[in-house]
Amino acid sequence: MSARDRSDALVLFGATGDLAYKKVFPALAAMVRRGALDVPIIGVARERRSVDTLRDRVRDSLEHAGAFDRPTFERLARQLRYVAIDYKDPRTFEELKRSTGEARRPLHYLAIPPNAFATTIAGLRGAGCTTDARVAIEKPFGRDLASATELDRILHATFPERAIFRIDHYLGKEPVQNLLYFRFANSFLEPLWNRDLVNSVQITMAEEFGIEGRGNFYEQAGAIRDVLQNHLLQVMAILAMDGPVGTDPESIRDEKARVLKAIEPIDPMHVVRGQYRGYRDEPGVAPGSTVETFASVALRVDTWRWAGVPFYVRTGKCMPQTMTEVMVRLKRPPRDIFGEHIPCPDYFRFRLGPELVIALGMRIKKLGITSGDTMVGQPTELRAMEDPRTEALPYERLLGDAMRGDPSLFARQDAIEAQWRVVEGVLGDVTPLHFYDPGTWGPAQAERLQPLGCMDPTTIAGP
Ligand code: BG6
């Protein structure tokens, strides 16, 4: 990729929004700090504001994230511009065009609700802002298969595929990348990474907090659309995919898409949806809302490698703790020589957040002589990696990649469509909703889904 191909302006739609405040500005500051972003940054939003108001918001955001340092902020502030846009008025897009100045290859980053994508892209095209430009869009990519396909049609009517970057920020996370690396940089894993030795795979994304004032958004989403269809199925694809045949980005994306296509659509019998008590009192939430804030599903991957191995995926808001973790449980030894009756003693554990852990769980004998002269064991973990640092900023990596035109860490349309096919049959009210108290691991009914007896909350929460 030559320097000429780098985006020479970043146009941030949704500059006054929540995502920009919480994630994007700290990421831009980190890029400026390491000298990786020196192009004009044009904040775009509906409000009539001055660029100074935007600078104040950036400062607040950096302070809020604990990422404020004066020299970086001042450099970033000098790069900022602001354009107030009326999405229906073509003249405001012309003003945007003027404010990108000499830029030949801007990146338009649409951190805005999906229902505004079509008008925004039409406005950009009308003002001549799309020639040689790139576009980055945020998940959710549609609300179901049909709308995802329609969104793709809208994007392709203006941009070629190489200029489209679909952000699933989980793919920019360090621990998620490490999962891919760990799988394919080691030879010992492959012989056991299949139905012969793996008993079950469990992916849990738990959040201690609720919807944090995002009622309007969340009412349109729910846990399945918000994180399961995208972040968690992407993690599952990395766990379940075959080794890529090439080293180029498309080879990895090909294998991920291939395994996603092999996941069977979720059977409504294998879903438990929950809603935390108090959700209906949140601002923006309908009093009788049946939107789920918790979902637990069992999935099957119909391939030679995984036939018969259940993949359990679950996520919830208002859980006892915030953590994302993968447990790959191995089958028990063929005979129980020591009479300990432990269902699945060995496992791989990947903590994907807030800290990073890669561990192998196993049993060892307790030292010494025990009564009756039987051998007594205890569980232990070999930790290959442990890093308590909170997440490096995925947006720093992703926006940098999009500006360089590198698609590796972005979702591809065929994968997204496969992900919608997996969840489509259980969206909305197809399955019953159960209630749970905040601070618990979800509705009691969720335990029904775990037929292998390998998932008790203590192991889910991690040792
Ligand atoms: C977002 C969801 O995509 O991911 C949120 O909309 C969720 O509901 C968030 O809280 C979790 O991401 P992270 O990086 O904070 O774990």
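Numbering of ligands and ligand atoms starts at 1, following listing order. Residue numbers start at 1 and run along the sequence shown. Keep in mind it's a predicted model, so treat the numbers as computed, not measured.
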Shortest reach to atom 3 (O) of ligand 1 by a heavy atom, considering only K139, E207, M205 =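 That would be K139.
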Suppose I only count heavy atoms of [X] and a 4.0 Å limit; which atoms of ligand 1 are within that range?
X    : value
K317 : 5 (C), 7 (C), 8 (O), 10 (O)
H231 : 1 (C), 3 (O), 4 (O)
K173 : 13 (P), 14 (O), 16 (O)
H169 : 1 (C), 3 (O), 4 (O), 12 (O), 13 (P), 14 (O)
K23  : 12 (O), 13 (P), 14 (O), 15 (O)
D226 : 2 (C), 5 (C), 6 (O), 8 (O)

Nearest-0.5 Å distance, CZ of residue F165 to CG of residue L398 =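 It comes to 11.0 Å.
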Salt bridge [X]-[Y], side-chain N to carboxylate O under 4.0 Å:
X    : Y    : value
R225 : D144 : no
R105 : D8   : no
E250 : R412 : yes
R214 : D18  : no

ring-ring contact (aromatic ring centres under 6.0 Å, His included) with F311: which residues, sequence neighbours excluded?
->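 With neighbours one apart ignored, the set is W306.
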So, Y82 versus T53: side-chain donor-acceptor pair below 3.5 Å or not?
->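 No, no side-chain donor-acceptor contact under 3.5 Å.
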Would you check whether Y218 has a nitrogen or oxygen atom less than 3.5 angstrom from a nitrogen or oxygen atom of ligand 1?
->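 Looking only at distances, the answer is no, because the N/O contact criterion of under 3.5 Å is not met.
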Should R214 be listed as contacting ligand 1, given a heavy-atom distance under 4.0 Å as the test?
->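 True for this residue.
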